[in-house]
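In what follows, every chain begins at residue 1, and chains take the letters A, B, ... in the order their sequences are listed.
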There are 2 protein chains.
Amino acid sequence: MKVLRIPEATVSRLSIYSRYLQRLERDGVVTVSSNEIAKGVGVSSAQVRKDLAYFGEFGTRGVGYNVKDLMHYILRILGLTRPWPVVLVGAGNLGTALCTYRGFKDRGFNIVGVFDNDLLKIGKRIQDLEVLPVERIPEVVAEHNVRIGIITVPQSETQGVADILVKAGVNALLTFGPTVVQVPEDVVVRNVDLSIKLEVLTFYLNLRETHPSAWFETNL
Amino acid sequence: MKVLRIPEATVSRLSIYSRYLQRLERDGVVTVSSNEIAKGVGVSSAQVRKDLAYFGEFGTRGVGYNVKDLMHYILRILGLTRPWPVVLVGAGNLGTALCTYRGFKDRGFNIVGVFDNDLLKIGKRIQDLEVLPVERIPEVVAEHNVRIGIITVPQSETQGVADILVKAGVNALLTFGPTVVQVPEDVVVRNVDLSIKLEVLTFYLNLRETHPSAWFETNL
DNA sequence: TAGATTGTTAATCGATTAACAATC
DNA sequence: TAGATTGTTAATCGATTAACAATC
């Protein structure tokens with residue numbers, strides 16, 4: 001039984017490599033070395049080769065990698081060679097921001113449904129989508145075979161919305177804020193807590209103020 | 001020369017512990033053990049004790065930690081015992097979402113200025129703030145002694161805005177999207193790329209589809 | 001062939017965990 | 001004193017890096 005254990009950091013870096021390769025391709029570059037990729041994105045060349053080695057052999061010794069091919073391989077590893085329909089629950093400011101965020105569409109994420117339970121928001125148009133009541137989640141998820149849900153409702157409602165999405169068949173969730181949601185173990189959840197991000201900054205600023213900088217070293 | 005090397009994960013966890021402690025305090029809990037904190041936030045109790053041990057001895061052997069005291073110690077470590085003025089550049093949907101996000105104010109982050117260079121947005125009111133032209137960044141940063149800037153402008157303008165902020169005296173930045181900004185080495189930058197987060201999800205979904213699940217194991 | 005760069009192994013580094021002496 | 005839990009050390013685990021044989 002083959003066991004493949006991939007560091008999450010590797011997956012994130014693959015995503016970064018693929019963007020760099022897209023830029024190289026736009027610039028007409030045909031071949032690239034692990035060393036160039038490494039410099040381009042700020043990691044070591046051994047790291048680049050190791051990350052790729054988890055998934056196969058994509059280069060030519062003595063030559064390097066074909067930009068277009070490698071980009072395509074990585075996109076395939078990340079599952080990005082096909083579009084992913086996504087539903088978004090919570091049509092507040094953050095939800096609206098994510099709906100209009102071009103970075104999603106660029107990578108093949110299509111928001112196919114926006115939901116809210118606020119009567120003032122239902123019926124509103126965001127881009128070319130109408131905000132629908134939460135009750136219609138199962139219908140839209142089934143229709144588009146949606147696997148991914150983004151939850152941008154207030155913290156207190158996040159668990160409830162997660163339950164509805166999971167029941168409807170969604171098996172990957174992106175949540176925001178300090179919430180931790182309980183889901184069946186076959187559902188993947190990732191969370192973005194912007195306040196924690198800011199607190200990493202204040203920790204660092206505070207440390208530098210309270211202690212002479214020469215005395216400390218952090219890996220932040 | 002004392003060298004203190006703190007894993008960034010430790011800092012993030014401290015932030016999580018402090019929220020959990022706040023909840024306990026609201027519930028009137030006086031004492032808590034590392035084991036209870038661990039269960040409450042989903043890490044090991046050794047991890048909790050180790051994270052705290054970087055900064056001092058906060059507990060009583062045989063008893064545990066005083067909830068209120070420990071919470072305060074952690075907030076002090078994170079630099080959160082004082083308010084932090086923050087400026088936000090980019091008054092689009094994401095910027096507006098962050099301005100109205102209560103999670104920031106709850107942790108002492110006060111947005112004291114919102115800027116944009118779009119004439120249609122300048123003068124608009126977001127909460128109790130008026131959107132100001134980018135030219136006024138130095139003035140506001142100086143007036144409130146701002147150390148932290150959040151950049152929510154389009155990718156192509158991020159570097160330029162970072163330069164303006166750094167020149168104005170800001171030394172911590174939070175950026176969004178796939179951008180990597182160049183800053184002097186005394187400036188701390190953290191980035192949130194929501195698309196990468198989604199790609200971690202698609203990687204996982206894709207892996208499960210393309211390979212029999214029993215054959216693989218990831219640490220995602 | 002000489003030069004270059006990959007793929008991979010072994011060494012290193014760093015973070016987490018287990019275990020336990022200290023001590024309330 | 002007996003029971004509990006901390007603070008800390010040493011062991012373990014896992015990820016990164018250095019180095020080099022393979023090979024274009």
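In this structure C:dC24 sits in a base pair with D:dG3, meeting the Watson-Crick or G-U test at under 3.5 Å. Remark: D:dA11 base-pairs with C:dT16. Criterion, Watson-Crick or G-U wobble with two distances under 3.5 Å.
Listed nucleotides: C:dT5, D:dG7, D:dC24. Nearest to the side chain of B:Tyr65: D:dG7. The side chain of A:Arg49 has C:dT8 as its nearest neighbour among C:dT16, D:dT8, C:dT8. With distances taken from any side-chain atom of B:Gln47 to the nucleotides D:dT8, C:dT17, D:dT6, the minimum falls on C:dT17. For A:Arg61, the side-chain atoms get nearest to D:dT23 when compared with the rest of D:dT16, D:dT6, D:dT23.
Mapping A:Ala46 and A:Val63 onto DNA chain D via the closest heavy atom, the residue that lands nearer the 5' end is A:Ala46. Map B:Gly62 and A:Ser33 each onto its nearest nucleotide of DNA chain C; the residue landing nearer the 5' end is A:Ser33. Nearer the 5' end of DNA chain D, as judged by each residue's closest nucleotide, is the contact made by B:Gly64, out of B:Gly64 and A:Thr10.
The distance between atom CD of B:Glu8 and atom P of C:dT16, rounded to the nearest whole Å, is 12 Å. Taking atom CZ of A:Phe55 as the reference point, atom C1' of C:dT8 lies 16 Å away to the nearest angstrom. For A:Asp69 and C:dT6, the CG to P distance is 15 Å, given to the nearest whole Å. Atom CG in A:Leu70 sits roughly 14 Å away from atom C1' in C:dT5 (whole-Å rounding). Across the protein-nucleic acid pair, B:Glu57 atom CD and D:dG7 atom P stand 6 Å apart, rounded to whole Å. C:dT5 atom C1' lies 11 Å from atom CD of A:Glu36, rounded to whole Å. The CG atom of A:Asp51 sits 14 Å away from the C1' atom of D:dG14 (whole-angstrom rounding). Spacing between atom CG of A:Asn66 and atom P of D:dC24 amounts to 16 Å, rounded to whole angstrom units.
For C:dC24, neither phosphate oxygen OP1 nor OP2 lies less than 4.0 angstrom from any side-chain nitrogen or oxygen of B:Thr60. A sub-4.0 Å separation between OP1 or OP2 of D:dT16 and a side-chain N or O of A:Tyr54 is absent. For D:dT17, the OP1/OP2 oxygens have a side-chain nitrogen or oxygen of A:Ser44 closer than 4.0 Å.
Here the side chain of A:Ser33 pairs no donor or acceptor atom with the backbone of A:Gly64 at under 3.5 angstrom.
The closest side-chain heavy-atom distance from B:Leu165 to B:Val161 is below 4.5 Å.
The residue B:Ser34 sits close only to the backbone: its heavy atoms come under 4.0 Å of sugar-phosphate atoms, none of a base.
Two rings, from B:Tyr65 and B:Phe58, have their centers 6.0 Å or more apart. Taking the six-membered ring wherever Trp is involved, the centroid distance between the rings of B:Tyr101 and B:Phe104 falls below 6.0 Å.
Residues B:Val134 and B:Ile164 share a closest heavy-atom pair of CG1-CD1, 3.7 Å.
Side-chain contact, A:Asn93 with B:Thr96: no donor N or O sits under 3.5 Å from an acceptor N or O.
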